[in-house]
Amino acid sequence: MNVPLTFAMSRNPRTEAILDGRVTTPGIDLYTSELQAPDIFWRQLRFAEFDVSEMSLSSLLMLIDRGRTEWTAIPVFHDRRFFHSFAMVRQGAGIEAPQDLRGRAVGVPDYQQTAALWTRAALMHDFGVQPQDMVWHMERGPALSHGGGVGFEPPAGVELHYIPEAQSIGSMLIDGQLDAAIVYEPALLLNDEPTTVDRSPAHLPEDAATWLFPDRAAECQRLHARLGYVPANHCVVIRTSVLEQHPWVALNLYEAFEESKRRNEEAVRGALSLYAQLGAAGAYGDGGPEPQLYPYGVRQNKDLLAAIAQHSAEQGLTSRPIQPSEFLAPSTLDL
C-alpha cells in the first residue's frame, strides 16, 4: 500500500512534471496543492499543514538554529536567481550605485526571507554596504510574515519598521516614502493568483522605480563568475515524523524531483536543437558540456550551502553557520 502524503509546491519548469502527474513517486501517493511559495511557507511555518512542501532555505536554517526539527530537507534546489539583480530604486532618489543605499529607507517583504539574505550578502561582500547602513521597512507584519513563524527578531544594530497595513512597499515607493526595495513581492504573482501574505501592486507606474543595476545581465554574469553557482532560495522539506516511520521516502522523492528536472532539460534541449544547428544556442550548441545551473544533491552544492549558512550567521539570523547534516535527510548527504 502506498504512503499517502499531502504536498504543496509552486510551479516552475523543473517541478511541473510532478505537479502534472507525469512523474510519480514509487510507494507514495501525493495529494497535491499547487500554491504560491510565500503562502506555502507561511502555512507550513505557522500551521504545518502539509507532509511535503517547498520551503525557504533561510527559514529552515533559522528553525534548526532554534532547536526546531519538525522538518527535514532533501537537496532539491529548484528555484535559483541572482536575487540582488531584482533590487529596485525610486526614480529621483539619487541612487546611482549600491553604495548610495547607505542611510536610505529600504523596503523588504520579509527581512529574513532567502532572497533578501542573498541580496544583503551581495551588498556586503561585493559593494561594502552593511545591513546596518540602511533603514528597513518590512511589509509583512508579524502575523503574516515568515519571520513570525520562526521567532524572528531584528538583528542587533538593524533598524526595522513594519509598514502599516494601509500601505505597501509599492505605495511607499510611489509616494516617495521609500528610496529602494531589495525584494519586491506583488500581491499577484504567477497567473495573477493572489497571495495571502503580500499586498504590493503587481505593476508600478513606469516613472516610479527602476533597477538598481541598469545592466542586470552583466551584473548576473559578474557574480556568477565570482561564485561559480546561481544562488538558491528554496528546497523541499518532509515532515520529520514521516521519515521516522518511512525513511525511504526521502530518496524516492529526491529521485522524482531529479526526473522532473531531467524532463525539463530534455525539453529545453529539444526546443534549442535548430538553434544549435545554426550556432545560435549559446552554451547549448558550442559542443562543450551543457550548463548545469540547477544542480541537486549535496556534492555539487557544497559551496552554496556553506555560503548561505555563513551569510545567515553573519547577518544575525542564526547564531552560527548551520551544517547540511543538521537539516538534510541522512540518506541524501552523499548525493
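Worth knowing before you read on, the calculation uses all heavy atoms, side chains too, and leaves out hydrogens, waters and symmetry mates. Note that the numbering runs from 1 along the sequence shown for the chain.
- In this structure, a donor-acceptor pair under 3.5 Å is absent between the side chains of S56 and Q113.
- In this structure, the side chain of R239 does not engage the main chain of L5 through any donor-acceptor pair within 3.5 Å.
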Problem set entry | Worked verdict on S312 versus T318 for side chain to side chain donor-acceptor pair (under 3.5 Å) | CA-CA 6 Å; S312 180; T318 53; 3.1 Å; yes
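- With sequence neighbours left out, the salt bridge (charged side-chain N to carboxylate O under 4.0 Å, His left out) criterion links R90 to D179.
- Placement of F327 and Y254 in two distinct hydrophobic clusters is found when ILVMFWY residues are connected by side-chain heavy-atom separations under 4.5 Å, directly or transitively.
- Under a 3.5 Å cut-off, the side chain of E54 and the backbone N or O of A37 do not form any donor-acceptor pair.
- None of I64, L57, L63, L60 except one satisfies the side chain to side chain contact (heavy atoms under 4.5 Å, CB included) rule with I322; the exception is I64.
- Residue pairs meeting the salt bridge (charged side-chain N to carboxylate O under 4.0 Å, His left out) criterion with at least one partner in residues 59-72, sequence neighbours excluded, are R68-E70.
- Legend: residues meeting side-chain contact (heavy atoms from CB on, under 4.5 Å) with E16, ordered by chain and number and at least two apart, are R11, D20, R22.
- Sorted by first then second residue, the ring pair (Phe, Tyr, Trp, His ring centres under 6.0 Å) pairs that include residues 41-76, not counting sequence neighbours, are F41-H146, F41-H234, W42-F47.
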Atom pairs and distances, side-chain donor-acceptor, residues 206-218, under 3.5 Å, sequence neighbours left out:
from: D215; atom 1: OD1; to: A218; atom 2: N; distance (Å): 3.1
from: R216; atom 1: NE; to: S85; atom 2: O; distance (Å): 2.8

Mind listing the side-chain donor-acceptor pairs of residues 149-167 below 3.5 Å, one per line with the distance, residues two or more places apart or on another chain?
from: E159; atom 1: OE2; to: H161; atom 2: NE2; distance (Å): 2.8
from: Q167; atom 1: NE2; to: Q177; atom 2: OE1; distance (Å): 3.3

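- Here Q44 pairs with S53 under the side-chain hydrogen bond (donor to acceptor under 3.5 Å, both in side chains) rule; sequence neighbours left out.
- Qualifying side-chain contact (heavy atoms from CB on, under 4.5 Å) partners for A180, counting only residues two or more places apart in sequence or in other chains: V89, I95, L101, V106.
- The ring-ring contact (aromatic ring centres under 6.0 Å, His included) check on H78 picks up nothing, with sequence neighbours excluded.
- Legend: residues meeting side-chain contact (heavy atoms from CB on, under 4.5 Å) with A271, ordered by chain and number and at least two apart, are absent.
- The two atoms that bring A329 and A250 nearest to each other are CB-CB, 3.7 Å, heavy atoms only.
- In this view, E96 satisfies the salt bridge (charged side-chain N to carboxylate O under 4.0 Å, His left out) rule with no residue, not counting sequence neighbours.
- Remark: D126 pairs with A122, R222, L223, R226 by the side-chain contact (heavy atoms from CB on, under 4.5 Å) rule, at least two apart or across chains.
- Side-chain atoms of T195 and Q36 include no donor-acceptor pair closer than 3.5 Å.
- Taking both residues in full, the closest heavy atoms of P201 and Y184 are given as O-OH, 2.7 Å, listed atom of the first, atom of the second, then distance.
- Between the side chain of T25 and the main chain of A256, no donor-acceptor pair closer than 3.5 Å is present.
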